[in-house]
Novice: 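The structure under discussion is supplied below as structure tokens; questions concerning it will follow.
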Amino acid sequence: MSQSHAEPGDPRSTSAVPADRSRLRRILTRLPTIVLLTTMWVILWGKPEPGTIVAGAIVATLCYWAAKLPHIPVRLSFRPLAALRLVAYIGYDLVASSVRVAIHSLWRPNRTSGAIVAEPLRTDSDFLLAMITGGLSLVTGSLVIELNREEGVVYMHGIPMNSPRSVEQLRRQIRRTEELFVRAFGTNHDLAEFQRRANGGSTN
Amino acid sequence: MNVLLAVPLVVPLLGAALTLLLRRLPTAQQIASSLVLLVVVADAAVLLAHTADGTVVVSQAGGWPAPLGITLVADPLAALLVLVSSVVLLIVLLYAIGQDIGGLSRATPQVFHPIYLVLTAGVCLSFVSGDLFNLFVGFEMMLTASYALITQAPTRSRVRASMIYTLVSLTSSILFLTGIALVYALTGTINLADIAGKLGAATPALRMVLALLFLVVFGIKAAIVPMHFWLPDSYPVALTRISAIFAALLTKVAVYAVIRTQTLLFARDDISTVLLWVAVATMIVGILGALVQDDVNRVASFALVSHIGFMIFGLALGTVAALAGVLLYLVHHIVAQASLFLVNGLIRQFVGHTSLRAIRGLTTVSPVLAALFFVPAMSLAGLPPTSGFVAKVALFQAGVALGTWQAYVGIAAGVLTSALTLIALFRIWTRAFWGTPLPDMVEAKQRLRNASNRGGLRMMTAMTAVMVTAGLVVALVAGPLSELGFTAAHDLVDGEAYIHAVLGEEAPTP
Amino acid sequence: MTILDYVYIATFVMLGLGALCALLRLVRGPSVLDRLVCLNALSVLLVSSIAVEAAVRADTAYVGLMVTVALIGFVATLTAARFAERRAHDRG
Amino acid sequence: MLLPYLIVSHAVVAVLVPWLVRAIGARAFLVASLPLAASAVWALTQSSDLLAGNEVTASVAWIPALGITLDFRLDALALTMVLLVSGVGTVIFCYGAAYFPARERALGRLVASMAVFAGAMLGVVTTDNLFALYVFWELTSVSSFLLIAHNDRKEHARRSAIQALIVTAGFGLLMLIGFVLLGHIGGTYRISALLAAPPVDSPWLPVALVLVLAGAFAKSAQAPLHFWLPAAMVAPTPVSAYLHAAAMVKGGVYLVARLAPGFADVDPWRALVLTAGLATMVIGGWRALRQDDLKLLLAYGTVSQLGFLTLLAGTGTHVAALATEGVLLAHGLFKSTLFLVVGIIDHKAGTRSISGLSGLWRRTPVLALASLAAAASMAGLPPLLGFVAKEAALAAYLPGHLGSLPRSAATLVLIGVVVASILTFAYSARFLWGAFADKETVAERRFPAPSAAFLAAPVVLSAAGLLLGVLPFLVDPIAQRYADAYTGASYHLELWHGLTPALGVSTLIVAAGVVMFIQRDRVARAQKALPRWPEAEAVYNLAIHGIFTVGLRVTRRAQSGSLPVYLGIILATMLALPGVRLLMAIIGQEVDYPQPSEGLRLWDNPLELVVALILIVTAVATVREHRRFPALILISAMGFGIAGLFVLHGAPDLALTVVLVETLATIILVFVLRRLPAVFPTRPDGWGKRLTALLCAAAGTFVAVSLWLMTHARTDAPVSRGFAERAEEAGGQNLVNMILADFRALDTFGEIVVLVTAAIAVASLVLLNRRDRVVEAPDADLDTTEEEAAPPGAPAAGAATASSTTQEASAAGSGSADTAPPDQESR
Amino acid sequence: MTAADWITAVLIPLGALFSLIGMIGLVRFPTLLGRMHAAAKPDTVGLILILLGTAFQLPGLGAALPLVLVALFQCVTIPVLAQTLGRVAYSRGQIDAERLVVDELADALPEAKARQSE
Amino acid sequence: MITTPSLLLIIAVAVLYSSGFYLLLQRSLMRVVLGIVILGHAANLSLMLTDHSITLPPLLDGPAGEISDPLPQALVLTAIVITFGVTTFLLALAYRVWLGDNTDEVPDDLEDRRIRRLREPEDSS
């Protein structure tokens, strides 16, 4: 199965398939977004009454149609256990590094320096990359500055970086986060690719 | 909800929506908006018939009783103004349609029609609103539409002019909102009739502060000196159809608001001396400005400012006779000013501009145009037998009847202003209409005559003639009109009829 | 006054002090990006305050507000940031 | 009564006549004279009835509520005037048919204006309502304005016309105020009722009379307002003959004569009328003597005679009243004759200058004869009507007929009248001599014989003067009827009263006049030697110039064209009116201040401090910020502050809206901002920076203090307490939403309309009119082709020079004039 | 004081503390990137804690559900914002190079630039 | 009984109005627009302050206690939206001014400027 690398919204990604099937598929691929929007609506409204749900669905469809959101074929899988691990890791990291930054900001902000490191990634699914960078940025003390999509290199700013050792730690953290994300959400194909690159050690 | 009061708001707005949908079908759009205005005119006529005996027609919007919901009220003054405004709006609309048919304008008709109808609704709402905040909303509808209109065919000078217009109007709106806040702070209500009742118990000094603040708020929009500067800088630059409506109606809506608030809400507070001096300053400064202008439209705009002073003068007198005079003046001025601006538009159409420095001998180029200019010029100068004469006599009579020195000061200023108006307007006549026509004007006339768009031009001329005739009709029916004026003025001075009609018979009165 | 009330007061004091810090940075600058960060921080603080307020009053009326502010504050800041980015490119 | 219809018929003719002129040329005058002739006939038929004591009245209601009704009333004075206006008018209209060539420019306008004038004049003299009188009065002014400038391509004609209009209509306004006062004092605007019961004990009565007289004097060219009349001679001769000799200028005299029976004894009346009349008589006569232009000679003569008439009409005695009637008629007849004669001379000889005419009497003896009769009448020679009238006039100031007139005044007047009469004789002789006599120094001109139709008019009028002089009893009864208003010894208009003092004075006048004519060269030298008086016209010019200069000064100061200044003035006004009032209230302790027990406190909640600090700091920082982007962020932060405050005040819905709107606004601002320069220009804004700051601080403080005091002074509990119960029955929970969606749905509806309208406006500004978009290039100005360029429909050169925005017009240059639509409104 | 109240009493001040410290960092950090770190993330932690605390005070699960939504938004938006700001800061050169131990992006940038323009 | 809003907020209102007015009187269009925005806030705030005490949101099914006055809130809501619409238009207009004149300034009126340059009235006939 060849992985499509089409840019988001590229019409070519669906044009190859026969017409009626493609329409069905298009609707199906859009369904999750609409369901998501509807759910939000219902949550905001407070009570899940049928009227609310219908109204929400209509509003969501309208929003979707009006905003002409690009529909991207979602190619993800979901592994609950790995996801849990991921959440736990991120949560811990978040709190821990928050405390770290807090300490620095309280006692020695002037002596705190940062570093920008380049770290090659081992996956190239769009979704995964977005999630990984998001996750990385979320965690205190790290900030994605630039993502080189073609070579799969992520440039991270980290803080506090007072020694080469902490730089290495930062790199490790990036790789760990990446791995967790791929394990939680990557398709089998992604996983295989990731492992191939990780084992091969080639950074491309 | 009383349908009569709802129609002038709802029908134009529905019409606006319809014309927006019909924007690809110019003819349908034109017919639709004309029909809408016809309906409004008819409705206003019926409304006037209902109120002519001094009855106050009230409609509680949504069925909620007065201080809670929004009340729409039509007393004779409001009803008459709705009628006159809608007639003027209709005539100007037809003028504009003529211009569009002839392809003689760069306006965007698709946008013009819906916005114009929104303006109509805003003007009507401002007249019949019985609620201070709703009045604000009406004003904003009108003003937003006017912002859209004044930027039609946005050339650089127009954009500049509309910048001035918009910012000054916005300032006024902000102050209006502030005023509403203060009124609510003081009385806890925003229904006009209710405020009128409750202000009685308020500290007089604070009440007077409010009275003066509202004078400033509406004074800006009514172009009362010294808050008038924006008007001559913005109106003359707009398209004719738009400056005509602005000059005729928008300032009058503000004058109406001044009258309504000062008579109904602040009748107990004697700010008549302030009003008087403001009126005198408005008359004199405005007309002095008109004397030195070099552009027909600018002369007309300054004259407009000056004549607002007459209405404020009448309000300053505050008697029944004076308010009746103000009503006559309002009607007269709406029609006369609209006529003058339409004629100026025709001049622009004929010779390409309105600068006195390059217009000569228009009587030769177009005798009809000359006749059409002459009548409103006479009317504005107050020469008999036009409506302007009648209105001025009514005001002078009221002033003499009151007999205070302030009244005489106002009368003196009025006489001086009338004389100077005569000079200013007949200066246009002698400079632009008499003399040997410039060669290029004769050519321009030939070109217009041979052009394919004569039909449009004819319609424009015809509509201008209709407007001028309307001015004469106002003079002709001045008898019944002044009767109506006295009825309306009684209602204004009394206030009880209004308050009772809105709040019910048991309401406390000031 | 229960303990909870003291807790709320303390919370508000902390949030208020935080807002003042943000305000300080907002005025001091020095760069646009600093100000944008402050803007976002303020919006987050607003959401936090609303949340506490909701807790104080045990009232659900504020919940919708929170969602909106959280989302909208972000949109504003993001737009401005994009603008700043564009200018940076223009300059570069 | 037929009269209203007759007047209306004039208006109808005026409307139709331009088309008629196109068809039959100047002969349209004949058609236009029909209503006049009908009026004359009608007046004659009424005269017997009238003399029997039955006054004819009619009334058309116009604006009864204001006392403006078109009352008509035909009495003796009115009859005289109607006969004069319609009779002389008919003749002059017929003359006009022969006078104007068929291709005369703007003839339609002329005939129509004359018809309007004739109708209005009939109205003036027959109406019985002060306002109706004013209406017709000003109509005559306006038609006179149009008639004077018949040849509007001449600068002089235009100037004279506007001058006449300004003087007559301007002072007419004073008269209007006088009328209003008079009506207010007297309780009625009916002239007859006022005269029947004149108000006496009001301090405003003299003022009213002075104002009315001012209008009358201006109309009747009394010194020092006389200057417009000679200038008006630029009009075609029939116009001068009719308006400025027979009819219009008599309007003022008529008004004086009309009001004199009621008000002659009220104080300033006589002093004013006699002084003005005498001065005008003498000045006019004196000036007439030195004119070379025959028409100007007549014009000054008219001024002099009008002074005489005013004097007589205003004297207010029985004999003076009789004399007034006589002179009115006589002057109307002889003066129009003479004007018509001048018209014929001008037409045929091509000049009307005394120094260019010689020996005409031999060429047209008929004309000379008619002139002789008219001039003799003017000079007061028997057996002409002029003589009869002048005898009566002299008698009026001689002892025996003085009535209520003080003797000293009468003597003074008599001397003046004698002097003026001598002058009159002299210039009458000068006219005849100048027009017809042989002069050695002047070569005779070609003079084609005028047609009989042309000659008929002066002959008829002059003959009428002769006829009435010989048969004064035709006039006398009418005059008696008018004079009945006064008590006095019986006196009749007659040729021969016997050897009375009046006859003696007349003889003296003639003798002196003859001497003066014979010694005309000496007189001329004496005139030259005398210092010239300041011309009244110079004063007028100075006044007008002064008005324009003041206008310019004021406008230059006030209308600065700068928006910041305008807005600053608005703020200043807000401070000056409500602001000062509030300050006065605070100083005078008229207001209550909140006490600590009533909630005077710094804050409700410490968080308020935070929010307020955010607001204050961001506001001040925004003011001090000169870079656009930081300012924008500050504004955004302020929005969050406001939202926070709303949350504190229990208004989550509001906070939500503020945040939403604020964000949208920020986004839009960003889109606009990125087009604009990074730094705000900080040019001085016309007002000093400190002054501006002070002004704004004061304005802000005013608003806040008002708010503070007014919330404290609240009179009633807010009405919104009533919403809760209503909302429950309506089934809503969130009151704000209930109000928006139900109680005040109209506001919400309006709000949506505003929003949509604004959206359309924005779209049409930004998206439509793309062709007006300018490329972001340094020389963008040159590309704004159709913006301010001369429209193709207009001549490029004319519009460009005319354009008030000259710089831009020239900058715009030729542009895309060929591609733009035929838009005339592009400026 | 119920158990829920106790939980709230712990969580909410803790969250506020985080926020406050973040804001203090915003003021005290000398570098732009440092301030970004300080402002964006303790804030998020603080917000989540506060939300959690609030959830225990609200009447029911249904009422608390939107709070999850808020937290979710925050988690989604903060990284996006941080990333954007970081990129802008870097491209505008508002990075204090002295306070960077390593800057591998500066080494890569010339070629990155070249690639972008292709 | 509380009859007035707290002083601090009154001061805030004063500062908002003052700075709004100040910006309004500037030549730079963007500053003027910002001034209008601030003034809009100020006016809305004044409306809110007519209800002078901190109370509960105006919900009938909410917790018991005195609720705040719902009417000013409704008015402010309407006013906010209206002000927003108009401000947007103003921005579009500023954009057009910039397109036409390439400046961010409120320009003076040309005809007024011409008349200001006149020494003598052009005609006084």
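The chains referred to below are lettered A, B, ... by the order of the sequence lines, with proteins before strands, and numbering in each begins at 1.
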Novice: Can you tell me which portion of E:Phe29 sits under 4.5 Å from chain A's heavy atoms? Options are side chain, backbone, both or neither.
Specialist: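 Both parts, backbone and side chain.
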Novice: Quick check: closest heavy atoms across E:Pro42 and A:Ser98, and the distance to 0.1 Å?
Specialist: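 Heavy atoms only, the tightest pair is CA-OG, 3.9 Å.
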Novice: Looking at every heavy atom in both E:Ala38 and A:Val101, which two are closest together, and how far apart are they?
Specialist: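 Looks like CA-CG1, 4.2 Å.
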Novice: Please enumerate all residues that pass side chain to side chain contact (heavy atoms under 4.5 Å, CB included) together with A:Leu84, with sequence neighbours excluded.
Specialist: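 Not a single residue meets the side chain to side chain contact (heavy atoms under 4.5 Å, CB included) criterion with A:Leu84.
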Novice: So, do E:His37 and A:His157 sit near enough that their side-chain heavy atoms are less than 4.5 Å apart?
Specialist: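 A side-chain contact exists here, since the closest heavy-atom pair is under 4.5 Å.
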Novice: Using 0.5 Å steps for rounding, measure from the CG atom of A:Leu106 to the CD1 atom of E:Ile21.
Specialist: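 The distance works out to 5.0 Å.
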Novice: Quick check: are there more than 12 heavy atoms from other residues, nucleotides or ligands sitting under 6.0 Å from OH of A:Tyr89?
Specialist: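 Yes, because the 6.0 Å sphere around OH of A:Tyr89 holds more than 12 heavy atoms from other groups.
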Novice: Would you tabulate the side-chain donor-acceptor contacts of residues 71-85 of chain E under 3.5 Å, counting partners in other chains and residues two or more places apart, or write 'none'?
Specialist:
unit_1	atom_1	unit_2	atom_2	d
E:Thr77	OG1	E:Phe73	O	2.9
E:Thr77	OG1	E:Gln74	O	3.3
E:Thr84	OG1	E:Val80	O	2.7

